[in-house]
2 protein chains.
Amino acid sequence: MLPSPFDTLDVNSLSHLRCAQGDHVFRQGDPTKGIFFVKSGNVCLTRVTESGNAVTIHNARADDMFAEASMYSNHYHCDAVCVAPSEVVRVSKQAIQLRQREDATFSEAITKRLAMQVQDYRQLLTLHAVKSANERVLLAVAVGKLTGSVTQFASQVGLTREACYRALRELSDQGLLIKTGRGRYAPAPQKEDRRP
Amino acid sequence: MLPSPFDTLDVNSLSHLRCAQGDHVFRQGDPTKGIFFVKSGNVCLTRVTESGNAVTIHNARADDMFAEASMYSNHYHCDAVCVAPSEVVRVSKQAIQLRQREDATFSEAITKRLAMQVQDYRQLLTLHAVKSANERVLLAVAVGKLTGSVTQFASQVGLTREACYRALRELSDQGLLIKTGRGRYAPAPQKEDRRP
DNA sequence: AACAGAATATGATTGAAATCACATGTTACC
DNA sequence: GGTAACATGTGATTTCAATCATATTCTGTT
């Protein structure tokens with residue numbers, strides 16, 4: 001049910017939430033109550049800067065967890081908004097901290113999860129550093145970022161919807177992507193002429 | 001000497017390295033041998049994308065650690081290059097993993113470090129999402145990113161040197177930054193008219 | 001079935017940062 | 001002291017993504 005380390009927790013450390021589209025699971029600044037698991041639906045983590053720019057930090061879909069890093073903060077650093085009707089499980093912060101102190105294997109699994117998250121963010125950062133919209137979009141698709149709507153995708157890769165649509169079309173025209181349907185694109189199968 | 005959790009490790013799990021400017025501590029793809037601490041100098045973590053773009057992932061200076069997330073990877077995901085003559089301490093991956101299994105407090109401290117790193121990356125991601133060069137630079141300076149050279153700074157915030165210099169000058173002209181010297185800028189003291 | 005609302009898709013225009021180009025200033029080293 | 005290497009700084013031009021505008025398709029609701 002829950003991913004690897006959390007499935008061993010007692011049921012009364014979990015709260016099941018049912019959210020409509022647009023509902024907030026938590027808001028930037030709220031005191032941290034725990035970390036979350038998406039049973040179904042789609043929860044988007046966004047952060048708003050002083051200047052009012054909204055940034056998609058993470059796009060959690062079914063079987064993803066989010067707000068894992070909040071374990072050691074007193075308040076959340078971003079908004080969690082359901083972009084689809086969603087079932088979300090909250091895992092109590094207290095319960096995790098207690099268990100972490102008693103169970104080394106549990107603790108190790110959590111650490112591993114965090115380490116992987118760090119690498120994910122680094123990947124995203126690398127992606128954002130690519131200046132060319134076409135190259136960026138190609139890379140992002142190759143890396144599997146385009147699973148939901150293009151609008152969501154655009155926010156994640158740091159481009160406007162329009163720029164993404166254009167890049168997707170151009171890349172399809174160039175044969176670097178295959179258009180598999182309305183708003184659906186897949187990386188073109190690599191020609192194996194890479195050998196030296 | 002070493003930061004909080006690592007100072008309790010046995011000395012023979014540490015290797016002291018002395019690096020010249022330009023030396024690689026490790027390269028993208030190398031098998032992971034451990035995590036690192038900068039005693040003095042400056043080590044830059046960069047990643048090169050397929051398209052040849054170099055991205056500064058992290059700029060570790062004296063008393064910083066780097067490659068913490070590599071604990072659970074078999075190979076490094078970026079290059080670590082000394083941008084100044086540096087003294088670096090390598091902390092053996094094996095020793096950490098062993099200790100983690102025996103000492104819950106140690107383990108917890110590591111987890112906390114990783115969680116904070118995740119939040120740092122999120123901050124950087126938020127920064128990169130600000131479109132206006134001036135706003136971005138102002139935010140970055142406010143957050144304390146401009147400590148070394150503007151060139152390094154530019155790479156971290158995702159702008160060209162030139163764009164940074166221009167933004168820095170314009171912000172100084174507007175009185176939002178104070179030029180404290182050649183290539184040195186500080187945030188202007190906030191006027192306290194924020195109260196509602 | 002009709003309608004609202006959102007996502008997809010593209011075209012035209014504009015604006016801001018990249019790029020190119022070239023000063024000057026600062027180390028550091030022979 | 002001379003010079004090579006690099007950082008700072010700023011102007012001129014270009015390019016490419018943002019913005020604005022608009023049409024179409026899809027989905028869900030009443």
Side-chain angles (χ1 to χ4, degrees), chain A residues 20-22 41-42 44 51-56 59 81-85 127-141 146-174 177 179-185, chain B residues 20-22 41-42 44 51-56 59 81-85 127-141 146-174 177 179-185:
Chain A
Q21 183 174 10
N42 195 335
C44 208
S51 44
N53 299 289
V55 205
T56 298
N59 191 352
V81 186
C82 299
V83 294
L127 197 65
H128 275 73
V130 176
K131 310 134 281 115
S132 153
N134 284 19
E135 276 183 58
R136 185 131 115 227
V137 167
L138 180 58
L139 219 100
V141 173
L146 178 49
T147 48
S149 76
V150 177
T151 308
Q152 272 307 314
F153 173 78
S155 170
Q156 267 204 44
V157 303
L159 293 167
T160 56
R161 284 189 317 284
E162 295 95 322
C164 280
Y165 286 127
R166 263 184 270 276
L168 288 166
R169 187 169 65 81
E170 276 160 40
L171 290 165
S172 301
D173 289 353
Q174 290 170 237
L177 289 180
K179 183 162 185 165
T180 57
R182 193 178 150 83
R184 327 245 77 214
Y185 300 80
Chain B
Q21 182 172 12
N42 195 337
C44 209
S51 44
N53 299 288
V55 205
T56 298
N59 191 350
V81 186
C82 299
V83 294
L127 196 65
H128 275 71
V130 176
K131 309 136 282 113
S132 153
N134 283 19
E135 277 183 58
R136 185 132 115 226
V137 166
L138 180 59
L139 220 100
V141 173
L146 179 49
T147 48
S149 76
V150 177
T151 308
Q152 273 306 313
F153 174 78
S155 169
Q156 267 204 45
V157 302
L159 293 168
T160 57
R161 285 189 316 283
E162 295 95 321
C164 280
Y165 286 127
R166 264 184 269 274
L168 287 166
R169 186 167 67 81
E170 276 161 39
L171 291 165
S172 301
D173 289 353
Q174 289 171 238
L177 289 181
K179 182 161 185 165
T180 58
R182 192 178 151 84
R184 329 244 75 215
Y185 300 81

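Residue numbers begin at 1 in each chain, while the letters A, B, ... track the order of the sequences.
Taking every nucleotide of DNA chain D with any atom under 4.0 Å from a non-hydrogen atom of chain B, the first and last of them, 5' to 3', are D/dA7 to D/dA12. Scanning DNA chain C 5' to 3' for nucleotides with an atom closer than 4.0 angstrom to a non-hydrogen atom of chain B gives a first and last hit of C/dA17 to C/dT26.
One distance of note links CZ of A/Arg136 with NZ of A/Lys131; it measures 10.0 Å at 0.5 Å rounding.
Residues satisfying the side-chain hydrogen bond (donor to acceptor under 3.5 Å, both in side chains) criterion with B/Thr147, sequence neighbours excluded, are B/Arg61.
If one axis is set at each end of the helix from C/dA1-D/dT30 to C/dC30-D/dG1 from five pairs, those axes are 40° apart, to 10°.
Between A/Gly148 and A/Arg184, the shortest heavy-atom distance links the atoms O-NH2, 3.3 Å. A/Thr180 approaches A/Tyr185 most closely through the heavy-atom pair OG1-N, 3.8 Å. When every heavy atom of A/Gln156 is checked against every heavy atom of A/His128, the shortest pair comes out as O-CE1, 2.8 Å.
At a non-hydrogen distance threshold of 4.0 Å, B/Leu159, B/Thr160, B/Glu162, B/Ala163, B/Arg166 from residues 159-166 of chain B come into contact with DNA chain C.
No contact: A/Phe153 has no heavy atom under 4.0 Å from any strand.
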Pair up each side-chain donor or acceptor in residues 157-171 of chain A with any protein partner under 3.5 Å, not counting sequence neighbours, and list the distances.
from, atom 1, to, atom 2, distance (Å)
A/Thr160, OG1, A/Ala163, N, 3.2
A/Arg169, NH1, A/Asp173, OD2, 3.4
A/Glu170, OE1, A/Asn134, ND2, 3.0

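Where A/Arg182 and A/Ser132 meet DNA chain D, the nucleotide closest to each residue was compared, and A/Ser132 sits on the side nearer the 5' end.
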